[in-house]
Amino acid sequence: MNTNTPDLQLSLHGDQAQVAVVRLTRAAKRNALNDGLILALRDTFQNLPASVRAAVIAGEGDHFCAGLDLSELKERDAGQGLHHSRMWHNALEAVQYGPVPVIAALHGAVVGGGLELASACHIRVADESTFYALPEGTRGIFVGGGGAVRIPKLIGVARMTDMMLTGRVYKADEGERAGFAQYLVPAGTAFDKALALAERIASNAPLTNYALMHALPRIAEQPADHGFLTEAMMAGIAQAAPEAKERVRAFLEGKAAKVSKD
Ligand code: 1HE
């Protein structure tokens with residue numbers, strides 16, 4: 001299925017097409033997310049080619065994403081507003097709980113729904129031009145793309161409350177300290193760093209990546225007693241895979257890399 005649209009492009013990288021690069025290509029509108037683009041994101045992540053083991057999301061132009069396309073914010077009644085938000089949830093769920101880990105390459109504005117999209121990814125790499133904001137507060141609306149659930153997991157409820165009450169903008173370095181991004185890199189290099197991480201992730205055992213995407217966030221939500229049992233079951237399944245046995249044997253035979261701090 002070809003999910004490319006004028007506003008979203010999927011390309012495959014690596015000698016075995018193991019990394020998918022999904023680009024928002026609506027730079028003239030700062031990659032603002034209209035309904036068509038949200039549905040294209042959903043379709044893309046639901047239909048990734050079987051060769052793909054990791055994905056990168058990036059935005060063209062000077063900004064990652066300006067959030068919800070405000071020109072589409074028509075007069076919706078309460079029910080339509082609910083379904084619109086649920087459409088975003090479906091799409092970003094396809095990113096977070098899709099088949100492969102997703103790395104967001106961030107630069108410029110990562111605001112509103114753009115921050116909600118970045119929060120649905122598994123790793124965020126930000127360059128020095130990045131800034132984060134939730135202008136929903138000042139626009140008289142609320143987050144609706146899963147931000148109320150995902151953003152506090154990154155930065156805490158108190159920081160998100162402050163951002164929405166006061167319109168506070170976090171610059172790249174304070175954003176990294178607050179927990180928005182796991183990597184902070186020089187301006188213009190976020191995509192290259194994200195691609196390098198994706199290539200590395202693509203070489204992991206698929207079941208390990210699956211456990212990290214699908215088991216870990218659920219374990220973190222479970223009462224400890226349930227979490228320990230889920231962890232034990234996931235550990236048993238992962239270590240029984242032939243690939244895990246091969247990798248452990250390679251280390252024991254001195255054929256696999258050691259852990260190194262350099
Ligand atoms: C847009 C949007 C948009 C730009 N919807 N059209 N998000 C916001 O409140 C952020 C609004 N945007 C901005 O603050 C700025 O545009 C930026 C800081 C992101 C970029 O500034 P700049 O100077 O590079 O670009 P610009 O000149 O402001 O915008 C260029 C064009 O993009 C312009 O259109 P043009 O036809 O006049 O050229 C802008 O109108 C258009 N544009 N951002 C529509 N967001 C699931 S709920 C989520 C709720 C939210 O995300 S609310 C937060 C929305």
Side-chain angles (χ1 to χ4, degrees), residues 5-8 23-45 57-97 102 104-121 124 126-155 157 159-172 174-175 180-181 187-188 190:
T5 75
D7 295 337
L8 183 144
R23 274 185 191 282
L24 307 176
T25 52
R26 203 178 175 225
K29 294 290 179 186
R30 307 312 185 243
N31 297 319
L33 298 165
N34 56 19
D35 289 359
L37 196 37
I38 284 293
L39 293 174
L41 267 173
R42 182 199 64 189
D43 292 348
T44 299
F45 280 90
I57 298 187
E60 265 186 21
D62 292 340
H63 302 282
F64 174 69
C65 177
L68 174 72
D69 186 324
L70 293 167
S71 69
E72 277 194 356
L73 198 67
K74 320 174 192 83
E75 290 292 316
R76 290 193 190 105
D77 67 21
Q80 289 163 333
L82 171 97
H83 288 302
H84 183 260
S85 169
R86 297 300 284 160
M87 181 181 80
W88 273 64
H89 291 168
N90 279 336
L92 298 198
E93 180 122 343
V95 175
Q96 181 177 5
Y97 291 122
V102 184
L106 305 178
H107 72 295
V110 181
V111 304
L115 181 50
E116 294 184 289
L117 170 60
S119 309
C121 299
R124 284 153 294 282
D127 87 6
E128 284 162 349
S129 71
T130 306
F131 57 98
Y132 309 90
L134 289 168
E136 287 89 336
T138 50
R139 309 249 183 262
I141 52 178
F142 189 58
V143 283
V149 171
R150 294 192 181 99
I151 295 171
K153 290 193 201 319
L154 300 181
I155 61 167
V157 172
R159 285 197 185 94
M160 179 168 173
T161 307
D162 173 37
M163 287 174 83
M164 293 198 70
L165 285 176
T166 67
R168 179 169 178 172
V169 177
Y170 278 79
K171 297 200 182 85
E174 32 180 31
F180 285 113

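Note: hydrogens, waters and symmetry copies are ignored here, and every other heavy atom, side chains too, is used. Both ligands and their constituent atoms are indexed starting at 1 by order of listing. Every value quoted in this text rests on a predicted model; they were computed, and no experiment measured them.
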Closest protein heavy atom (residue, atom, distance) for atom 31 (C) of ligand 1: A28 O, 3.2 Å
Starting from atom 51 (O) of ligand 1, which protein heavy atom do you reach first, and at what distance in Å? G113 N, 2.7 Å
Would you mind checking which non-hydrogen protein atom is closest to atom 21 (O) of ligand 1, with the distance to 0.1 Å? H63 NE2, 4.0 Å
What protein heavy atom lies closest to atom 22 (P) of ligand 1? Include the residue and the distance to one decimal. R30 NE, 3.5 Å
So if I count the atoms of ligand 1 from 1 in the order they appear, which ones are less than 4.0 Å from some heavy atom of A109? 19 (C)
Does the protein place a non-hydrogen atom closer than 4.0 angstrom to atom 33 (C) of ligand 1? no
Could you check which of L68, D69, T138 puts a non-hydrogen atom nearest to atom 45 (N) of ligand 1? L68
Give the numbers and elements of all ligand 1 atoms closer than 4.0 Å to a heavy atom of P135. 8 (C), 9 (O), 53 (C)
As a check for students: among G147, A27, A32, A66, identify the option with a heavy atom nearest to atom 54 (C) of ligand 1. A66
Could any protein non-hydrogen atom be found less than 4.0 Å from atom 13 (C) of ligand 1? no
Atom 41 (C) of ligand 1 [closest protein heavy-atom partner, distance rounded to 0.1 Å]: K29 CD, 3.9 Å
Does ligand 1 have a heavy atom under 4.0 Å from the side chain of I141, from its backbone, from both, or from neither? side chain
Would you tell me which option among E116, H84, M87, R139 has the nearest heavy-atom contact to atom 9 (O) of ligand 1? R139
Among all the protein's non-hydrogen atoms, which is closest to atom 52 (S) of ligand 1, and how far away is it? E136 CG, 3.5 Å
Look at atom 49 (C) of ligand 1 and say whether a protein heavy atom is found at less than 4.0 angstrom from it. yes
